[in-house]
Trainee: 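Structure incoming, see below.
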Amino acid sequence: YDLPEKSNVTLLIYDILGREVLAFLDGEEEPGYHSIIWDGQNRFGKTVGAGIYFYTIQTGKFRKTRKMILLK
């Protein structure tokens, strides 16, 4: 993701049933391009199963949800 200015960023990952799997980011980030790699673990450190997941990224008034596929 690309930030034009310093912003508070929240990135959450959900399973297909809408349950939160992991709160990946929740804090202030510097401007510029950022990249994230999810290791397939939930918030308890356990590996989740392969399948379809959703991520939501929010910063200020901007919010976007997209689908992703976790392959093993």
Side-chain angles (χ1 to χ4, degrees):
Y1 60 95
D2 191 20
L3 295 174
E5 58 190 33
K6 193 172 190 177
S7 303
N8 188 33
V9 178
T10 304
L11 191 139
L12 303 171
I13 298 175
Y14 299 94
D15 65 12
I16 194 77
L17 298 175
R19 297 177 297 204
E20 186 179 307
V21 174
L22 181 65
F24 211 87
L25 286 176
D26 190 14
E28 197 166 75
E29 294 281 323
E30 294 295 324
Y33 181 77
H34 302 272
S35 179
I36 295 175
I37 297 175
W38 178 38
D39 61 4
Q41 293 186 351
N42 64 15
R43 64 178 170 247
F44 304 112
K46 293 189 176 187
T47 303
V48 299
I52 298 173
Y53 292 86
F54 296 91
Y55 68 90
T56 299
I57 188 164
Q58 182 172 348
T59 175
K61 294 180 182 179
F62 174 81
R63 181 180 180 139
K64 185 166 270 194
T65 302
R66 291 284 184 244
K67 177 173 60 172
M68 63 180 170
I69 299 174
L70 177 64
L71 300 174
K72 292 187 174 185

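Residue numbers start at 1 and run along the sequence shown.
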Trainee: Mind jotting down which residue pairs meet the salt bridge (Lys or Arg N to Asp or Glu O under 4.0 Å) criterion with at least one end in residues 8-18? Sequence neighbours excluded, please.
Mentor: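 As it turns out, the salt bridge (Lys or Arg N to Asp or Glu O under 4.0 Å) pairs with a partner in residues 8-18, which skip direct neighbours, are D15-R19.
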
Trainee: If hydrophobic residues (ILVMFWY) are linked whenever their side-chain heavy atoms come closer than 4.5 Å, directly or via other members, who joins F44 in its cluster?
Mentor: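 The other cluster members (ILVMFWY side chains, heavy atoms under 4.5 Å, direct or chained): none.
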
Trainee: Can you sort out the partners of Y33 under side-chain contact (heavy atoms from CB on, under 4.5 Å), two or more places apart, ordered by chain and number?
Mentor: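 Applying side-chain contact (heavy atoms from CB on, under 4.5 Å) to Y33 gives D2, S35.
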
Trainee: Test of understanding: with side chain to side chain donor-acceptor pair (under 3.5 Å), list the residues that count as partners of T47, not counting sequence neighbours.
Mentor: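 By the side chain to side chain donor-acceptor pair (under 3.5 Å) rule, T47 matches no residue at all.
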
Trainee: With sequence neighbours excluded, what pairs up with L71 under the side-chain contact (heavy atoms from CB on, under 4.5 Å) test?
Mentor: I69

Trainee: What residues, two or more places apart in sequence or in another chain, satisfy side chain to side chain donor-acceptor pair (under 3.5 Å) together with D26?
Mentor: T10

Trainee: Test of understanding: with salt bridge (charged side-chain N to carboxylate O under 4.0 Å, His left out), list the residues that count as partners of E28, not counting sequence neighbours.
Mentor: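 Here the qualifying residues are K6.
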
Trainee: Among Ile, Leu, Val, Met, Phe, Trp and Tyr joined by side-chain contacts under 4.5 Å, find the other residues sharing a cluster with F62 and list them by chain and number.
Mentor: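 Listed partners: Y1, L3, V9, L11, I13, V21, L22, F24, L25, I36, W38, V48, Y53, Y55, I57, M68, L70.
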
Trainee: Who pairs with K61 by side-chain contact (heavy atoms from CB on, under 4.5 Å), at least two apart in sequence or on another chain?
Mentor: none

Trainee: Sequence neighbours excluded, which residues qualify as salt bridge (charged side-chain N to carboxylate O under 4.0 Å, His left out) partners of R66?
Mentor: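 With sequence neighbours excluded, R66 shows a salt bridge (charged side-chain N to carboxylate O under 4.0 Å, His left out) to no residue whatsoever.
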
Trainee: Can you confirm whether K64 is buried at NZ, in the sense that more than 12 heavy atoms of other residues, nucleotides or ligands lie under 6.0 Å from that atom?
Mentor: no

Trainee: Who pairs with E20 by side-chain contact (heavy atoms from CB on, under 4.5 Å), at least two apart in sequence or on another chain?
Mentor: L12, Y14, A23, R43

Trainee: Taking atom CG of L17 as the centre, report whether more than 12 heavy atoms of other residues, nucleotides or ligands fall under 6.0 Å from it.
Mentor: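 It does: L17 CG has more than 12 such atoms within range.
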
